[in-house]
Undergrad: 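Have a look at this one before I ask anything.
Below, chains carry the letters A, B, ... as their sequence lines are ordered, and counting in each starts from 1. Note: hydrogens, waters and symmetry copies are ignored here, and every other heavy atom, side chains too, is used.
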Amino acid sequence: MALEEHVQPKESFVRPSADALIRCERIEKWYGSVHALTGVDFHCERNEVVGLVGDNGAGKSTLIKILSGAERHDGGKIFVEGREVRFRSPKDAMALGIETIYQYTAMVPHMSIARNIFIGREPLKWSLGGLGWMDLRKMADHAINSLTNIDLRTRSPDTPVEELSGGQRQAVAIARAMYFKSKVLILDEPTNHLSVKETNKVLDFVAALRDQGITSVFISHNLHHIHPIADRIVAMARGEKIADIRKADITVEQMTAMIV
Amino acid sequence: MSKLAKALLSRPEISALVMLLVVVTGFAVYAPQFISTGNTRVILFAVPELGILALGTGILMIAGEFDLSVGSVFALVPMVIVILMGKLGIDPALAICLGLLVAILVGYLNGWITLTFGIPSFVTTLGMLFIARSIATVLSGGFPPPFPANTPTGLFVADLGLFRSSMLWFLAFIVLLGVMLHRTNLGNWIYATGGQRQAADDMGIDTRRVKLFCFMLCSFLAGFAGMITTFRLRSALPSLGEGLELQAIAANVIGGTALTGGIGSVAGFVIGTFLIRVIDNGLVMARIDANWFRLAIGTLTILAVILNITLRRKARAMRG
Ligand SMILES: Nc1ncnc2c1ncn2[C@@H]1O[C@H](COP(=O)(O)OP(=O)(O)OP(=O)(O)O)[C@@H](O)[C@H]1O
Ligand SMILES: [Mg+2]
């Protein structure tokens with residue numbers, strides 16, 4: 001087969017609807033002299049699971065760091081629910097319902113599950129200028145609820161997160177996003193270094209997010225993880241989007257051929 | 001039962017408390033005058049000065065940073081206060097405020113340099129240790145400046161029988177900072193910042209500001225503690241507090257604070273402080289050569305860390 005057959009022509013990329021939840025146009029990012037993103041269009045619709053794939057260094061993490069407010073873009077525009085936005089910090093993105101989970105840094109290991117869920121968004125009994133008395137009872141109660149949602153009923157909310165497995169930590173982070181009623185949940189390689197069993201659990205949670213009306217953007221190297229749960233697959237290479245295609249229109253084999 | 005055992009094992013300050021009880025009992029048996037009212041007074045007089053210092057270094061350590069300059073700030077701040085009052089005739093209240101402002105400024109510098117240039121606070125504050133000490137010595141001109149008679153020493157070191165009023169300040173700081181660290185959202189941010197800075201950043205916490213605050217708090221408390229000691233001695237000595245930074249850090253570590261950040265408690269700082277002061281005093285009461293003090297503290301520090309790490313592993317291995 002000729003290589004050209006595997007490359008999706010730009011004209012056939014899936015286009016955003018008028019009602020897209022997030023839409024980015026021509027996003028550019030430089031790290032010194034590295035052109036990490038060279039004008040990427042990206043979008044996600046309501047109630048959709050988007051799989052984001054690509055080789056190492058393709059720019060996936062860079063793109064989602066921009067969407068989550070952790071990095072600032074050097075060019076292009078971001079629209080959330082139709083309105084143009086400029087994030088100055090992750091707080092700005094979170095305020096608009098965009099939550100991100102990173103593989104290694106999703107949680108603070110020594111802190112309890114309950115405290116982790118509420119980092120930076122602690123419920124306060126009273127406060128003065130943003131600082132105040134935490135409502136520990138409320139935190140514990142909601143943590144118990146969240147743990148029930150993710151089948152970790154047997155764990156106390158006071159358990160330090162370091163006692164949880166990698167998959168359980170991802171699950172708690174997902175529960176956190178659900179609790180804060182995020183609209184979009186971005187997961188950067190959530191299945192990295194997880195066992196098959198734990199991977200399947202995390203995949204189930206992501207699939208369940210859609211049923212709750214939460215959009216998710218799921219980054220992975222493993223197409224076999226992405227394919228079963230994604231509605232649409234976006235592939236990147238060398239800072240560019242090289243494919244944007246409905247899952248129904250492509251098989252794992254075709255996809256593999258395209259990105260490698 | 002296993003739940004209780006696990007809870008106890010995973011609280012390092014509990015093992016420090018056990019050590020404290022053992023040491024106190026040991027001295028009491030070996031040297032009965034150790035628990036006399038007179039000697040209890042001696043211990044309680046000395047506790048607040050190291051204790052206030054250790055509250056600051058401990059909270060900063062939880063936030064993931066060190067301050068080695070506290071011993072020097074401990075000398076610099078009262079030097080400034082006494083000179084302002086004695087040589088320049090400035091009102092004591094104002095002089096105290098200005099002195100403490102100097103402390104906060106030193107803390108701000110420590111934090112700003114550390115965070116702006118991304119260098120280890122160990123290095124920044126080691127530099128500041130020399131700088132602040134040097135300034136304190138130069139300011140004194142080689143001799144302790146005259147100690148003004150109108151200094152409100154009573155407010156800070158009045159003899160109240162079993163303890164001095166400095167103990168009330170210590171208690172106030174314990175309550176205030178204990179609440180801050182364990183009950184407010186700011187405390188949650190401090191633990192998150194020291195425990196896993198990237199995670200705290202990702203959740204939108206301004207970890208730079210959190211750390212800067214802890215640097216300033218630490219330095220402020222060091223200055224405050226130095227002022228108390230100076231008011232008790234009624235003399236501002238340029239050599240005051242030499243080596244005290246290490247005692248404060250030892251108190252934190254003995255109380256279960258992790259050097260890597262994110263772990264520690266106000267109760268631990270307080271128990272660690274008591275342990276150090278009790279051993280210091282107990283050796284004297286037991287007529288043991290006082291030069292063994294450092295050996296005892298050193299041994300205790302190492303033992304405490306080994307014990308804490310072992311217990312934490314045990315606790316983690318238990319389900320609950
Ligand atoms: N903080 C940074 N400083 C400098 N260069 C960076 C930085 N972060 C990423 N890059 C560069 O930007 C490019 C894209 O990196 P990015 O992390 O987005 O890739 P990725 O698709 O997430 O890769 P992976 O699958 O390995 O996680 C790479 O060339 C990388 O070296
Ligand atoms: Mg990446």
Undergrad: For A:Lys201, does the NZ atom have more than 12 heavy-atom neighbours from other residues, nucleotides or ligands under 6.0 Å away?
TA: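 No, because the 6.0 Å sphere around NZ of A:Lys201 holds 12 heavy atoms or fewer from other groups.
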
Undergrad: Please check if any side-chain donor atom of A:Ser112 sits under 3.5 Å from a side-chain acceptor atom of B:Tyr191, or the reverse.
TA: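 No pair is found: no donor N or O on one side chain lies under 3.5 Å from an acceptor on the other.
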
Undergrad: What part of B:Asp201 lies closer than 4.5 angstrom to a heavy atom of chain A: side chain, backbone, both or neither?
TA: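 The backbone, not the side chain.
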
Undergrad: Please classify the contact of A:Ile119 with chain B as side chain, backbone, both or neither, using a heavy-atom distance under 4.5 Å.
TA: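 It is both, since atoms from each part get that close.
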
Undergrad: With a 4.5 angstrom heavy-atom cut-off, is it the side chain or the backbone of A:Leu131 that approaches chain B, or both, or neither?
TA: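 Both the backbone and the side chain of A:Leu131 come within 4.5 Å of chain B.
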
Undergrad: Looking only at the side chains, is there a donor atom on one of A:Glu28 and A:His73 sitting less than 3.5 Å from an acceptor on the other?
TA: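 The criterion, which ignores hydrogens and geometry beyond distance, is not satisfied for A:His73 and A:Glu28.
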
Undergrad: Please check if any side-chain donor atom of B:Glu13 sits under 3.5 Å from a side-chain acceptor atom of B:Ser265, or the reverse.
TA: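 B:Ser265 and B:Glu13 do have a side-chain donor-acceptor pair below 3.5 Å.
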
Undergrad: Using only atom types and a distance under 3.5 Å, with no angle test, would you say the side chain of B:Thr184 pairs donor to acceptor with the backbone of B:Gly187?
TA: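 Side chain of B:Thr184 to backbone of B:Gly187: a pair is present.
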
Undergrad: Which of residues 101-118 of chain B get closer than 4.5 angstrom to chain A, counting heavy atoms alone?
TA: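 Counting heavy atoms that sit under 4.5 Å from chain A, no residue of residues 101-118 of chain B is involved.
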
Undergrad: Salt bridge or not between A:Glu71 and A:Lys29? Use side-chain N to carboxylate O under 4.0 Å.
TA: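 Yes, A:Glu71 and A:Lys29 are salt-bridged.
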
Undergrad: B:Phe66 vs B:Phe122 aromatic rings, parallel, tilted or perpendicular, using cut-offs 30° and 60°?
TA: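 Perpendicular, since the angle between the ring planes exceeds 60°.
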
Undergrad: Compute whether any side-chain donor of one residue and acceptor of the other, for B:Ser69 and B:Glu245, lie under 3.5 angstrom apart.
TA: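 The criterion, which ignores hydrogens and geometry beyond distance, is not satisfied for B:Glu245 and B:Ser69.
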
Undergrad: Could you work out, with salt bridge (charged side-chain N to carboxylate O under 4.0 Å, His left out) as the rule, every residue matching B:Arg197, not counting sequence neighbours?
TA: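 Once residues adjacent in sequence are excluded, B:Arg197 has no partner under the salt bridge (charged side-chain N to carboxylate O under 4.0 Å, His left out) criterion.
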
Undergrad: Listed by residue number, which members of residues 83-94 of chain A have a heavy atom under 4.5 Å from any heavy atom of chain B?
TA: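 Against chain B, the residues of residues 83-94 of chain A that fall inside the cut-off (heavy atoms, under 4.5 Å) are A:Pro90, A:Lys91, A:Met94.
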
Undergrad: Tell me the ring-ring contact (aromatic ring centres under 6.0 Å, His included) pairs involving residues 150-184 of chain A, sequence neighbours left out?
TA: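 For residues 150-184 of chain A, and leaving out neighbouring residues, the ring-ring contact (aromatic ring centres under 6.0 Å, His included) pairs sorted by first residue read A:Phe118-A:Tyr179, A:Phe118-A:Phe180, A:His142-A:Tyr179.
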
Undergrad: Judged by modelled atom types alone, do B:Thr57 and B:Asp67 share a side-chain donor-acceptor pair under 3.5 Å?
TA: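 Looking only at side-chain atoms, B:Asp67 and B:Thr57 do not form any donor-acceptor pair under 3.5 Å.
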
